[in-house]
Amino acid sequence: MPTYTPPLRDMRFVLHEVLNVVDELKLLPAHADIDADTINAVLEEGGKFAAEVIAPLNQSGDAEGCTLDKATHEVKAPKGFKEAYAKYVEGGWPALSCDPAYGGQGLPHVVNQSFYEMLNSSNQAWTMYPGLSHGAYEALHAHGSAEQKALYLPKLTSGHWTGTMCLTEPHCGTDLGLIRTRAVPNADGSYAITGSKIFISAGEHDLAENIVHLVLARLPDAPAGSKGISLFVVPKFLPNADGSIGARNGVFCAALEHKMGIHANATAQIVLEGAIGTLVGEPNKGLQAMFVMMNAARLGVGMQSLGLTEVAYQNAVAYAKDRIQMRALSGPKNPDKPADAIIVHPDVRKMLLTARAYAEGGRALAMWTTLMLDKELGSDDEDERKECADLVALVTPIVKAFFTDNAWIATSHCMQVFGGHGYIREWGMEQFVRDARINMIYEGTNTIQSLDLLGRKVLGDNGKKLKKFGKLVQEFVEDEGTNEALQEFVNPLADLGDKLTKLTTEIGMKAMGNADEVGAAAVDYLRVCGHLVFAYFWARMAKVALAKKDSGDPFYTAKLATARFYYAKLLPETASLIRSCRAGLAPLMAMDEALF
Ligand SMILES: Cc1cc2nc3c(=O)[nH]c(=O)nc-3n(C[C@H](O)[C@H](O)[C@H](O)COP(=O)(O)OP(=O)(O)OC[C@H]3O[C@@H](n4cnc5c(N)ncnc54)[C@H](O)[C@@H]3O)c2cc1C
């Protein structure tokens, strides 16, 4: 059975030594009293909860899956899930970063995000139940009416009710402009909603007393396409005015999907039969309102993959130190044993270091992004809020797609470290690979993320957002330009920054002639951007590690070695990605459709 140790030391390093989050957070009125001890204590307790309560249910949940009673439409999550969720609610964990006005603890999002990394390492399928609720909370918090907020937010904050996002329909996932679910106004101001949704995560289960579905649907007079979509809140049980559970609503689970991974999360087909819902936000502006939840979920999916990368790495390292096979090519490293531990072999190390570099680089970017989110939501300076919002918007598709692509590589490498045993269930490594695969698909496929990045966020605003991140890189390069010890990081970072600027201009020019050039370049382009962002954070981490390398703490020696590995072995991938971007559209379109 896999084991998991919360990476608290590395979290503290990123939070306090690299990002100095306490100084930054203290400037925000809501967090003026925050201190490092509070953050560390919450993460320590959160790590214990994740490792001791949630992780032990990961393999059993995967083997058992969820079960639907077709007569009652009720779904049972695997054994132990409900009890673990009750402990989660009892411990106040759902409320961590929620608004105190609704019973929340008001801690910074960056703390909650780090907690979620640990939950995801422990059990992605379980974590999706509360994870989606938090997204629903954020959408209602941003766009709900006073009445909706009063009714739903306290229950979502306490965790007594969970949430879902109901977008996808059988004929459309990416193109939500095609949705057919209809909402007809009732005389009392509510709506009767009818339609079919598929692939709804945590769509039905027995963990909580009520499920709050956020549903996209069309009003009778809605314009065609994405400009005619509205958002509705549709509870499984209609709440009474005092918040108690009322009548059963007409929203049912018709079937559960059988799928590759995350078996323990119920992926439900949801049928709405005149279900009663209320409108969230303005008519026909549902997609904008839903984007709050989708953006939160995109960062959340990145955290799922970060969690899987970390746990897969931890288990692969333990195995590589224990498993003996063959001798090192350069001669025995442990002559007392019949063979050397496989960690002596260069390629085993490459696989381990790849996972480690993606986990630690990802953690730095994830925490920084969430700190920017805290500032976007909490600063009293409007310019700063806008600056942070732009940076978060820019890196959100990178967190979603780069992390999830990296986790697919990393979990696969870590499984490979186990040889044939990695393919066998009892070790748990193949589950990490299976679970990681969905993260590249849902919440907008990684192709869609790359189109969002290149098409909307970079070319769509004339590179303004990209320049904002570029400025951070440039400042670092200028500040450290004369720091001899950092040149091995600063020079390649500056070089990649220049290359990305040129590449962006080139693609922009080509796209003026043919917009399909964006689609041809986008996926490779996102990966180049991902590497630039990682290289920036690895350089910052290397700077801290270099300054402390004589402290005798091996943590800094390992950090520096991983930074060097990242720059030497992973960053060079950008050369081939840039060449592929430059090759453009022609090789993709040369073949006639009929010849496929
Ligand atoms: C386990 C699981 C859980 C899910 N959870 C939820 C949930 O909770 N709520 C919810 O609403 N949905 C959920 N989904 C649905 C998920 O978000 C969609 O499956 C996903 O967005 C892709 O939509 P699709 O399956 O319809 O594929 P399609 O949209 O049909 O896409 C098929 C392929 O075409 C590509 N493609 C489409 N358009 C373009 C384009 N313009 N340019 C380039 N390529 C394009 C896609 O990238 C993809 O590779 C879940 C799905 C799964 C499998």
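Counting starts at 1 for both ligands and their atoms, following the listed order. The basis for the numbers below is simple: all heavy atoms, side chains too, and nothing from hydrogens, waters or symmetry mates.
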Participant: Look at the rings of F115 and F49 and say which category their plane angle falls in: under 30° parallel, 30 to 60° tilted, over 60° perpendicular.
Facilitator: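 Correct class here is tilted.
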Participant: Write out the residue and atom name of the closest protein heavy atom to atom 48 (C) of ligand 1, then the distance separating them to 0.1 Å.
Facilitator: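 For atom 48 (C) of ligand 1, the nearest protein heavy atom is T445 CG2, 4.0 Å.
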Participant: Might you check, step by step, whether the distance between atom 35 (C) of ligand 1 and some protein heavy atom is under 4.0 Å?
Facilitator: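 It does not; no protein heavy atom is within 4.0 Å.
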Participant: Closer than 4.0 Å and a protein heavy atom, does any atom meet both conditions relative to atom 32 (C) of ligand 1?
Facilitator: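 Protein heavy atoms within 4.0 Å of atom 32 (C) of ligand 1 - there are none.
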Participant: Identify the protein heavy atom lying closest to atom 20 (C) of ligand 1, giving its residue, its atom name and the separation to 0.1 Å.
Facilitator: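 Its nearest protein heavy-atom neighbour is I441 O, 3.8 Å.
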Participant: Specify whether Y88 and Y85 have parallel, tilted or perpendicular ring planes, treating 30° as the upper limit for parallel and 60° as the lower limit for perpendicular.
Facilitator: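 The arrangement is tilted - the two ring planes meet at 30° to 60°.
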Participant: Which atoms from ligand 1 have a heavy atom of E443 less than 4.0 Å away?
Facilitator: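 Once the distances to E443 are compared, the set is 17 (O).
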Participant: If we only count N/O pairs under 3.5 Å, is D175 in contact with ligand 1?
Facilitator: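 By distance alone, the answer is no.
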Participant: Taking the side chain as everything from C-beta on, heavy atoms only, tell me whether H213 gets closer than 4.5 Å to F232.
Facilitator: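 With C-beta onward as the side chain, the pair stays apart.
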Participant: Using a strict 4.0 Å cut-off to heavy atoms of G173, name the atoms of ligand 1 that fall inside it.
Facilitator: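 With G173 as reference, the close atoms of ligand 1 come out as 23 (O), 24 (P), 26 (O).
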Participant: Within the 4.0 Å heavy-atom shell around I438, which atoms of ligand 1 are there?
Facilitator: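 Checking each atom against I438, I get 1 (C), 2 (C), 52 (C), 53 (C).
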Participant: Is it true that the side chains of D99 and H141 contain a donor and an acceptor less than 3.5 Å apart?
Facilitator: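 There is such a pair between these side chains.
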Participant: Counting from 1, what ligand 1 atoms have a heavy atom of I200 closer than 4.0 Å?
Facilitator: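 Matching atoms, with element in brackets: 7 (C), 8 (O), 9 (N), 10 (C), 11 (O).
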Participant: What protein heavy atom sits nearest atom 13 (C) of ligand 1, and how far away is it?
Facilitator: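 Result for atom 13 (C) of ligand 1: F199 O, 3.0 Å.
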Participant: By side chain to side chain donor-acceptor pair (under 3.5 Å), which residues pair with K76, not counting sequence neighbours?
Facilitator: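 K76 satisfies side chain to side chain donor-acceptor pair (under 3.5 Å) with no other residue.
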Participant: Look up atom CG in N295 and atom CE in M290, then write down how far apart they are to the nearest 0.5 Å.
Facilitator: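 It is 11.5 Å, given to the nearest 0.5 Å.
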Participant: Is there a donor-acceptor contact under 3.5 Å linking the side chains of Q269 and E257?
Facilitator: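 Side-chain D/A pair, Q269 to E257: present.
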Participant: Heavy atom of N265 under 4.0 Å from ligand 1?
Facilitator: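 N265 does not count as a contact of ligand 1 under the 4.0 Å cut-off.
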Participant: Among L178, T168, T164, whose heavy atom sits nearest atom 12 (N) of ligand 1?
Facilitator: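 Comparing heavy atoms across L178, T168, T164, the nearest one to atom 12 (N) of ligand 1 lies in T168.
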Participant: As an exercise, state the distance from CG of L394 to CG of L453, rounded to the nearest 0.5 Å.
Facilitator: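 Answer rounded to 0.5 Å: 6.0 Å.
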Participant: Numbering the atoms of ligand 1 from 1, which are under 4.0 Å from a heavy atom of L451?
Facilitator: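 The atoms of ligand 1 under 4.0 Å from a heavy atom of L451 are 42 (N).
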Participant: Hey, is T447 touching ligand 1 through its side chain, its backbone, both or neither, going by heavy atoms under 4.0 Å?
Facilitator: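 It is the side chain that touches ligand 1; the backbone stays farther off.
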Participant: I'd like to know whether the aromatic ring centres of Y137 and Y152 sit less than 6.0 Å apart in this structure.
Facilitator: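 No - the distance between ring centres of Y137 and Y152 does not fall below the 6.0 Å cut-off.
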Participant: In the protein, which heavy atom is nearest to atom 39 (C) of ligand 1, and how far is it?
Facilitator: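 Closest protein heavy atom to atom 39 (C) of ligand 1: I448 CD1, 3.8 Å.
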Participant: Please verify the inter-ring angle class for H531 with Y358; under 30° counts as parallel, over 60° as perpendicular, anything in between as tilted.
Facilitator: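 Geometry flag for Y358 against H531: tilted rings.
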Participant: Would you kindly specify which portion of L167 sits under 4.0 Å from ligand 1, judged on non-hydrogen atoms: side chain, backbone, both or neither?
Facilitator: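 Within the 4.0 Å criterion, L167 contacts ligand 1 through backbone and side-chain atoms alike.
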Participant: Going by the rule ring-ring contact (aromatic ring centres under 6.0 Å, His included), which residues pair with F237 if we only count those two or more places apart in sequence or in a different chain?
Facilitator: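 F237 satisfies ring-ring contact (aromatic ring centres under 6.0 Å, His included) with no residue once adjacent residues are dropped.
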Participant: Would you mind checking which non-hydrogen protein atom is closest to atom 38 (N) of ligand 1, with the distance to 0.1 Å?
Facilitator: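 Residue, atom and distance for the closest contact: T174 CG2, 3.7 Å.
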